[in-house]
Structure formats: C-alpha cells, structure tokens
> 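Starting off with a structure, shown below.
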Amino acid sequence: MNIIESRRAFLHRLAAGGSGAVLAGQLWSVHEAFAQQLETASWAARQDDFEALREHYLLDETVVYLNHASIGTMSSPVHEARGKYVHLCETNPWLYLWGGAWEEPREQVRGSAADFMGCTADEVAITHNTTEGFNTLAHGLPLGPGDEVLFSSLNHPGASICWRHVGRRRGYTVKQFEFP
C-alpha cells in the first residue's frame with residue numbers, strides 16, 4: 001500500500017469513527033425522546049376512546065381510514081420521531097447501515113422491546129423492513145417437502161415472493177386463499 005492509500009484509509013477510519021460516535025448520540029436522543037413521548041402521552045391510558053385517539057393522528061377529519069396493515073397512518077409522536085430519524089439518516093447517509101454507530105442503540109432498543117414482550121433480547125430480531133423479515137424467515141425456517149405456507153389474497157407481494165422462491169428449491173408448498 002502506498003502512502004496516499006494508507007493516509008486515505010486512516011482518514012476514512014478516523015471520520016467514520018468520529019461520525020459514528022456523534023450519530024450514536026443523536027440516534028439515542030431520538031429514541032429517548034420518542035420513548036418519553038409514548039410514556040407521557042395522555043392518550044395511552046384511553047385506548048378505547050377512539051375520538052381521543054383520533055386527535056393524535058394527522059388524518060383529515062372527513063376521512064374514515066380503515067387500515068389494512070400495509071399502508072398505515074401513524075400517530076403524531078411516531079410521525080415526529082420518524083421525521084427526526086429521517087433527518088438524521090439524510091444528514092449522515094454513509095452511516096445508515098446497521099453496523100458501527102447503530103450497534104449500541106439497536107441493542108438497547110432490542111432490550112427495551114424484549115422487556116416489553118417478556119422475552120430475552122436474543123429472541124428479538126430487528127430488520128430493516130417487513131420484506132427483509134419475511135426473507136429471513138423464508139430462508140431460515142426448516143421447511144421442506146410436506147410443509148405448507150399460506151397467505152391471503154390481500155398479502156403484499158414482498159411478503160410472499162420469497163416464500164415461493166425458497167419453496168420451489170426446498171419442496172414445500174405456498175398457497176394463497178381468497179379473502180372476500
């Protein structure tokens with residue numbers, strides 16, 4: 001390696017390390033602010049009061065939205081936290097991947113989720129998105145000949161394509177039922 005390459009590699013590692021520390025602090029503050037908003041939200045204790053819940057969503061008051069779990073609207077605290085997170089990612093795009101600066105905050109979130117669900121952090125998986133989660137399951141579950149995976153006709157293609165692909169290789173069946 002020549003002196004220019006080694007200097008560039010050193011500067012790259014130095015910048016990544018310094019940026020990672022700043023990013024981890026920013027990410028944790030976004031996580032803490034969101035957690036605090038959820039804990040103190042006045043509507044959290046009134047989950048059966050739909051009018052009170054509606055006040056915390058950005059929906060137009062003339063809209064009756066029947067969420068089908070694929071494209072859901074989010075509450076104001078979630079919207080605000082997401083906005084801060086997107087800003088963080090847009091100002092640090094080279095650090096978006098789940099390594100380095102994300103490891104400690106991700107593990108803290110896994111721990112919080114595990115506490116909430118009554119399990120260990122090792123039993124919680126955090127994926128980039130639902131499609132990645134379905135791909136992880138399709139490739140990781142020990143399915144084979146004689147096994148069957150069932151989806152409704154309303155399922156998003158990203159959730160079932162991976163099962164069909166892996167099913168053809170491993171010999172299990174993927175079926176779809178019509179949802180009226």
Side-chain angles (χ1 to χ4, degrees), residues 16 19-20 23-24 26-35 37-38 53 56-59 63-180:
S19 299
L23 179 61
Q26 290 175 333
L27 178 62
W28 186 247
S29 68
V30 168
H31 166 73
E32 285 293 305
F34 178 61
Q37 283 178 329
L38 286 180
L53 283 172
H56 296 279
Y57 285 81
L58 302 173
L59 289 169
V63 172
V64 175
Y65 184 68
L66 303 174
N67 182 2
H68 67 290
S70 177
I71 304 172
T73 183
M74 59 186 81
S75 66
S76 297
V78 172
H79 179 72
E80 290 167 18
R82 182 182 176 275
K84 290 176 184 175
Y85 174 76
V86 168
H87 182 271
L88 178 64
C89 291
E90 289 297 323
T91 57
N92 298 281
W94 60 94
L95 292 172
Y96 179 73
L97 298 178
W98 289 66
W102 296 101
E103 289 174 11
E104 184 178 339
R106 183 189 64 225
E107 292 309 307
Q108 290 171 338
V109 169
R110 281 180 67 204
S112 296
D115 289 344
F116 177 75
M117 293 185 283
C119 62
T120 67
D122 290 341
E123 296 173 293
V124 175
I126 297 177
T127 61
H128 288 90
N129 53 54
T130 306
T131 303
E132 180 185 24
F134 275 114
N135 270 277
T136 300
L137 289 172
H139 287 86
L141 290 175
L143 299 174
D147 292 323
E148 184 175 281
V149 175
L150 183 63
F151 287 103
S152 85
S153 58
L154 300 179
N155 208 50
H156 188 277
S160 55
I161 289 173
C162 56
W163 295 96
R164 294 182 194 287
H165 174 74
V166 176
R168 281 193 295 274
R169 286 189 299 144
R170 293 195 189 158
Y172 62 80
T173 306
V174 179
K175 293 183 178 178
Q176 178 175 306
F177 67 92
E178 287 301 314
F179 195 88

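The chain is numbered in sequence order, starting from 1. Since the model is a prediction, treat every value here as computed from it, not as a measurement.
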> Heavy atoms only: give me the nearest A159-F151 pair and the separation to one decimal.
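Taking every non-hydrogen atom into account, O-CZ, 3.3 Å.
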
> How far apart are the closest heavy atoms of V63 and L59, and which atoms are they?
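Residues V63 and L59, closest heavy atoms: CG1-CD2, 4.3 Å.
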
> Output all residues satisfying side chain to side chain donor-acceptor pair (under 3.5 Å) with E148, sequence neighbours left out; order by chain, then residue number.
K175

> Would you call R82 and V86 a side-chain contact if the rule is heavy atoms closer than 4.5 Å?
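In contact.
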
> What donor-acceptor contacts under 3.5 angstrom involve side-chain atoms of residues 115-125, with partners at least two apart or in another chain?
residue : atom : partner : partner atom : Å
T120    : OG1  : E123    : OE1          : 3.2
E123    : OE1  : T120    : N            : 2.9

> Within the side chain of D147, is there an N or O that forms a donor-acceptor pair under 3.5 Å with the backbone of G144?
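Yes: the side chain of D147 pairs with the backbone of G144.
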
> Taking all atoms of both residues into account, what is the closest heavy-atom pair of S75 and Y57, and its distance?
N-CE2, 3.2 Å

> Could you tell me whether E107 and R110 have a side-chain N and a carboxylate O separated by less than 4.0 Å?
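Looking at E107 and R110, the cut-off is met.
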
> What is the distance from atom OG of S153 to atom CD of E178, rounded to the nearest 0.5 Å?
4.0 Å

> Under the criterion side chain to side chain contact (heavy atoms under 4.5 Å, CB included), I'd like the reasoning laid out for R168 against R170: C-alpha separation, chi angles, the key distance, then a yes or no.
CA-CA 6 Å; R168 281 193 295 274; R170 293 195 189 158; over 6 Å; no

> Could you tell me the separation between the CG atom of L150 and the OG1 atom of T173, rounded to the nearest 0.5 Å?
11.0 Å

> Would you compute the distance between atom CD of E132 and atom CD1 of I126 and round it to the nearest 0.5 angstrom?
11.0 Å

> So do W163 and L137 actually touch side chain to side chain, heavy atoms under 4.5 Å?
yes

> Find the distance between CD (E90) and NE2 (H87) and round it off to the nearest 0.5 Å.
9.0 Å

> Parallel, tilted or perpendicular: which one describes the rings of H139 and H165, with boundaries at 30° and 60°?
tilted

> Let me see the working for V166 and Y172 under side chain to side chain contact (heavy atoms under 4.5 Å, CB included), right down to the final yes or no.
CA-CA 8 Å; V166 176; Y172 62 80; 3.6 Å; yes

> State the CZ-CG distance between F134 and N129, to the nearest 0.5 angstrom.
11.0 Å

